[in-house]
Amino acid sequence: MSMRIAMFGGSFDPPHLGHLIFAEHACDALALDRVLFVPAAHSPFKSSTQPDNLEHRLAMVRFALAGNDRFSLDLTEIERGGTSYTVDTVQTLHALYPDAILHVLMGQDAFEEFEQWKNPETIVACATLGVGRRPGFPRIERKHLFADHAVFFDSPLIDVSSSAIRRLVSQRQSVRYLVPDAVLQYIEQHGIYQNATGAT
Ligand code: ATP
């Protein structure tokens, strides 16, 4: 039987419980064998993700994924460098796992912008979109140009974002329980996000 693999791209700056709960529920809803967390080198949509926090982002993703056999870190976009386009990554994964059934996971917020991504038609030719709900973003299943290429699934709505976490840390407020304990320790030990603006 073919392996069912999903890529889950993001800045993961930092990874938080919203990402993890979302990916865990995607596994059940889409019968996935594996979720590849793919940190972007440079997101096309986020100007502030600089390569100088790359080491921190990777370390935190490693801590966040530890202990979950279905989750793994994938360095395709980091190794490729430059602006990270999902279409390039999906094609790399398709070549690497020719027999696998590929999915691209994203929250409803990302799906809303999907038409503006680079070469969306090529992405859906290689993979099914796995779209989960995100607080504040209504379902838009029917009207969406790519709805026929998406599987929509429900997971607990976790109202947390990386930008909110960076903002809380910079305001000296607690992010305990919003990120895994090991990620919290890492943030504290390395003093990251102390001066974050909270902007994306
Ligand atoms: P930022 O606040 O910096 O924009 P983010 O929290 O949205 O970051 P990303 O790493 O940019 O995190 O997101 C990667 C993917 O994770 C996107 O597809 C996004 O929709 C999804 N995602 C992020 N947070 C959640 C959440 N709380 N619930 C469901 N999906 C989420």
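Read the numbers this way: they start at 1 and go in the same order the structure lists the ligands and their atoms. In this chain, numbering begins with 1 at the start of the sequence shown. Keep in mind it's a predicted model, so treat the numbers as computed, not measured.
- Under a 4.0 angstrom heavy-atom cut-off, Phe8 registers as being in contact with ligand 1.
- For the ring-ring contact (aromatic ring centres under 6.0 Å, His included) condition, the pairs that include at least one residue of residues 67-98, sequence neighbours left out, are Phe37-Phe71.
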Report all side-chain donor-acceptor pairs from residues 173-187 shorter than 3.5 Å, counting only partners two or more places apart or in another chain.
unit_1 : atom_1 : unit_2 : atom_2 : d
Gln173 : NE2    : Gln171 : OE1    : 3.0
Ser174 : OG     : Arg176 : N      : 3.1
Tyr186 : OH     : His56  : ND1    : 2.8

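- Of all the atoms in ligand 1, the ones that sit under 4.0 Å from a non-hydrogen atom of Arg166 are 3 (O).
- For ligand 1, the atoms closer than 4.0 angstrom to any heavy atom of Gly18 are 26 (C), 27 (N).
- Those atoms of ligand 1 with a heavy atom of Gly10 less than 4.0 angstrom away are 10 (O), 14 (C).
- Using cut-offs of 30° and 60° on the angle between ring planes, the pair Phe12 and Phe8 is perpendicular.
- For ligand 1, the atoms lying closer than 4.0 Å to a non-hydrogen atom of Phe12 are 10 (O).
- Using a cutoff of 4.0 Å between basic side-chain nitrogens and carboxylate oxygens, Arg70 and Asp28 are scored as salt-bridged.
- Panel note: side chain Thr128, backbone His103; no donor-acceptor pair is recorded below 3.5 Å.
- With hydrogens and angles disregarded, a donor-acceptor distance shorter than 3.5 Å links the side chain of Arg57 to the backbone of Ser11.
- Short contacts between ligand 1 and Gly9, defined as distances under 4.0 Å to a heavy atom of the residue, involve ligand atoms 14 (C), 15 (C).
- Residue Met106 approaches ligand 1 through these ligand atoms, each under 4.0 Å from one of its heavy atoms: 18 (O).
- An N or O contact shorter than 3.5 Å links His19 to ligand 1 by distance.
- Contact annotation: for Gln108 versus ligand 1, there are no heavy atoms closer than 4.0 Å.
- Considering backbone and side-chain N/O atoms, Asp159 never comes within less than 3.5 Å of an N/O atom of ligand 1.
- Geometrically, ligand 1 and Leu105 share no nitrogen or oxygen pair separated by less than 3.5 Å.
- Near Ala110, the atoms of ligand 1 lying under 4.0 angstrom from a non-hydrogen atom of the residue are 18 (O).
- Summarising the geometry, atom CD belonging to Gln194 is positioned 4.5 Å from atom CZ belonging to Arg172; distances are rounded to the nearest 0.5 Å.
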